[in-house]
Amino acid sequence: MFIGHYGAGFAGKKIYNGPSLGTMFFAAQFLDLLWPVFILLGIEKVKIVPGLMAANPLDFTFYPYTHSLFFTIIWGIIFGAVYFFIRKNLKGSIILGSLVLSHWILDLLVHRPDLPIFPWSDLKVGLGLWNSVPVSFTFEILIFSIGAFFYLTETKPKNKTGSFALWGLLIFLSAIFIANVFGSAPPSVEAIGIAGLSQWLIVAWAYWIDRNRYNISEQKKIRANYQADSV
Ligand SMILES: [Zn+2]
């Protein structure tokens, strides 16, 4: 799954406006931000098998440290704990930890049974929506669009950048997603790793967007408080 995870990150801002959109994306995509690093270092393994699944040519032969349920829970706890340590914000840390876990759950829906439960056992799961291009494509676009809709309706641009940066990201992610689904298989494992690393830029992009937008309900609250004070 690719843009569906960003949909989850957008939705996080609807649930709670505390952390930046960048931090929400960071959490929702945390496993796939680590994975290319582990792939390039040779710690985890992937093979390119064109035609393996209708909507995905990657055979995830070994990725227990980033994609087992066991490690996902550990990463979620670490992510939440670090956020709590820095921001002293319990609600924010719980939502971010849950977003890390949401990644595994969304992957579970589309992957074939290649997601390990524990790093030390052969028990692997996956519901295989990637076996159908129309089903997985529609499903992922839907999650992404719902999340983006939440963010678009919950926030307003402070300036032109706040509008252009967001729409630019939405168009950019959609275009890459379409190219991934309908394009040819990646040329090499290194190419997958490098393309994967570029997702760190998406996180940076989201921080930039969030700095140039404000939250509507928060603004209303501040205004209400101000009016109550001035009466
Ligand atoms: Zn993943």
Side-chain angles (χ1 to χ4, degrees), residues 1-41 43-44 63-107 119 143-144 147-148 150-159 161-162 165-166 168-170 173 193 196-222 225:
M1 169 148 314
F2 172 48
I3 57 171
H5 298 303
Y6 294 111
F10 276 127
K13 284 293 278 188
K14 170 86 182 171
I15 300 167
Y16 180 47
N17 183 43
S20 164
L21 180 67
T23 316
M24 295 289 190
F25 274 14
F26 193 16
Q29 205 40 329
F30 190 64
L31 306 183
D32 280 3
L33 290 165
L34 289 184
W35 181 71
V37 179
F38 281 45
I39 286 294
L40 291 171
L41 291 174
I43 299 167
E44 294 194 334
Y63 61 163
Y65 308 115
T66 59
H67 279 77
S68 65
L69 177 59
F70 179 83
F71 266 105
T72 302
I73 292 170
I74 291 189
W75 290 126
I77 292 169
I78 292 175
F79 200 107
V82 169
Y83 184 81
F84 183 75
F85 185 73
I86 298 170
R87 295 279 182 209
K88 308 282 178 289
N89 178 341
L90 184 64
K91 192 173 175 188
S93 67
I94 291 170
I95 286 172
L96 292 166
S98 311
L99 273 178
V100 174
L101 184 63
S102 82
H103 183 108
W104 194 86
I105 294 165
L106 288 175
D107 273 1
I143 297 175
F144 180 67
F150 282 153
Y151 187 70
L152 271 165
T153 49
E154 195 65 19
T155 64
K156 269 206 166 115
K158 288 180 190 168
N159 47 40
T161 309
L166 176 60
L169 181 82
L170 294 177
L173 285 176
L197 281 183
S198 66
Q199 297 210 68
W200 286 90
L201 292 175
I202 310 274
V203 173
W205 194 337
Y207 277 109
W208 180 51
I209 292 171
D210 215 56
R211 226 171 295 137
N212 288 289
R213 297 181 70 88
Y214 66 89
N215 184 284
I216 298 170
S217 21
E218 204 134 287
Q219 195 75 9
K220 270 186 201 150
K221 241 183 271 166
I222 293 168
N225 283 344

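Below, each value reflects all heavy atoms present in this structure, side chains not excepted, and no hydrogens, waters or symmetry copies. Keep in mind the model is a prediction, meaning the values are calculated, not measured.
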Subject >> Intermediate values then yes/no, side chain to side chain contact (heavy atoms under 4.5 Å, CB included), Phe79 and Leu99 >> reply: CA-CA 10 Å; Phe79 200 107; Leu99 273 178; over 6 Å; no
Original post:
How many angstroms lie between CG in Leu33 and CD in Gln199, if you round to the nearest 0.5 Å?
Top reply: 6.0 Å
Subject >> Near-ring test Tyr6/Phe144, centroid separation under 6.0 angstrom >> reply: no
Original post:
Do Asp32 and His103 touch side chain to side chain, with heavy atoms closer than 4.5 Å?
Top reply: yes
Subject >> Thr155 side chain near Ile209 side chain, heavy-atom distance below 4.5 Å >> reply: no
Original post:
If you take all heavy atoms of Gly193 and Pro36, which pair is closest and at what distance?
Top reply: O-CB, 3.2 Å
Original post:
Who are the side-chain contact (heavy atoms from CB on, under 4.5 Å) partners of Glu154, not counting sequence neighbours?
Top reply: Lys14, Asn215, Ser217
Subject >> Distance (rounded to the nearest 0.5 Å) between Ile15 CD1 and Ile95 CD1 >> reply: 6.0 Å
Original post:
Taking the six-membered ring where the residue is Trp, are the ring centres of Phe10 and Phe150 under 6.0 Å apart?
Top reply: no
Subject >> Asn17-Tyr214 side chain donor-acceptor pair, cut-off 3.5 Å >> reply: no
**OP:** Taking all heavy atoms of Ala206 and all of Ser20, pick out the closest pair and write down the distance.
**Re:** O-OG, 4.4 Å
**OP:** Please state whether the rings of Phe26 and Phe30 are parallel, tilted or perpendicular, taking 30° and 60° as the class boundaries.
**Re:** perpendicular
**OP:** Among Phe71, Tyr63, Trp75, Tyr65, find the one that has a side chain to side chain contact (heavy atoms under 4.5 Å, CB included) with Leu34.
**Re:** Trp75
Subject >> Spacing of CE belonging to Met24 relative to CG belonging to Asp210, to within rounding of 0.5 Å >> reply: 8.5 Å
Subject >> Residue pair Ile94 / Ser98: nearest heavy atoms and the distance that separates them >> reply: O-OG, 2.7 Å
Original post:
Which distance, rounded to the nearest 0.5 Å, do you find between the CG of Leu21 and the CH2 of Trp205?
Top reply: 12.0 Å
**OP:** Determine, step by step, whether Ile73 and Val100 satisfy the side chain to side chain contact (heavy atoms under 4.5 Å, CB included) criterion, reporting the C-alpha distance in whole Å, the side-chain angles of both residues, the deciding distance to 0.1 Å, and the verdict.
**Re:** CA-CA 8 Å; Ile73 292 170; Val100 174; over 6 Å; no
Original post:
Looking only at heavy atoms, which two atoms of Ser68 and Trp104 are closest? And how far apart?
Top reply: C-NE1, 3.7 Å
Original post:
Under 3.5 Å, is there a donor-acceptor pair between the side chain of Lys156 and the main chain of Ile216?
Top reply: no
Original post:
If you measure from CG on Leu169 to CD1 on Ile3, what distance do you get to the nearest 0.5 Å?
Top reply: 10.5 Å
Original post:
Quick one: is the NZ or CZ of Lys88 closer than 6.0 Å to the six-membered ring centre of Phe85, and within 45° of its axis?
Top reply: yes
Original post:
Do you know the tightest heavy-atom contact between Thr72 and Thr66?
Top reply: OG1-O, 4.0 Å
**OP:** Indicate the atoms forming the closest heavy-atom contact of Ser93 with Leu90, along with that distance.
**Re:** OG-O, 2.8 Å
Original post:
Taking the side chain as C-beta and beyond, is there a heavy-atom pair between Gln29 and Ile202 under 4.5 Å?
Top reply: no
**OP:** Check the pair Asn89 / Tyr16 against side chain to side chain contact (heavy atoms under 4.5 Å, CB included), numbers first and verdict last.
**Re:** CA-CA 11 Å; Asn89 178 341; Tyr16 180 47; 3.0 Å; yes
Original post:
Measuring from Leu96:CG to Arg87:CZ, what's the distance to the nearest 0.5 Å?
Top reply: 10.5 Å
Subject >> Check: Glu44 side chain, Trp35 main-chain N or O, donor-acceptor pair, under 3.5 Å >> reply: no
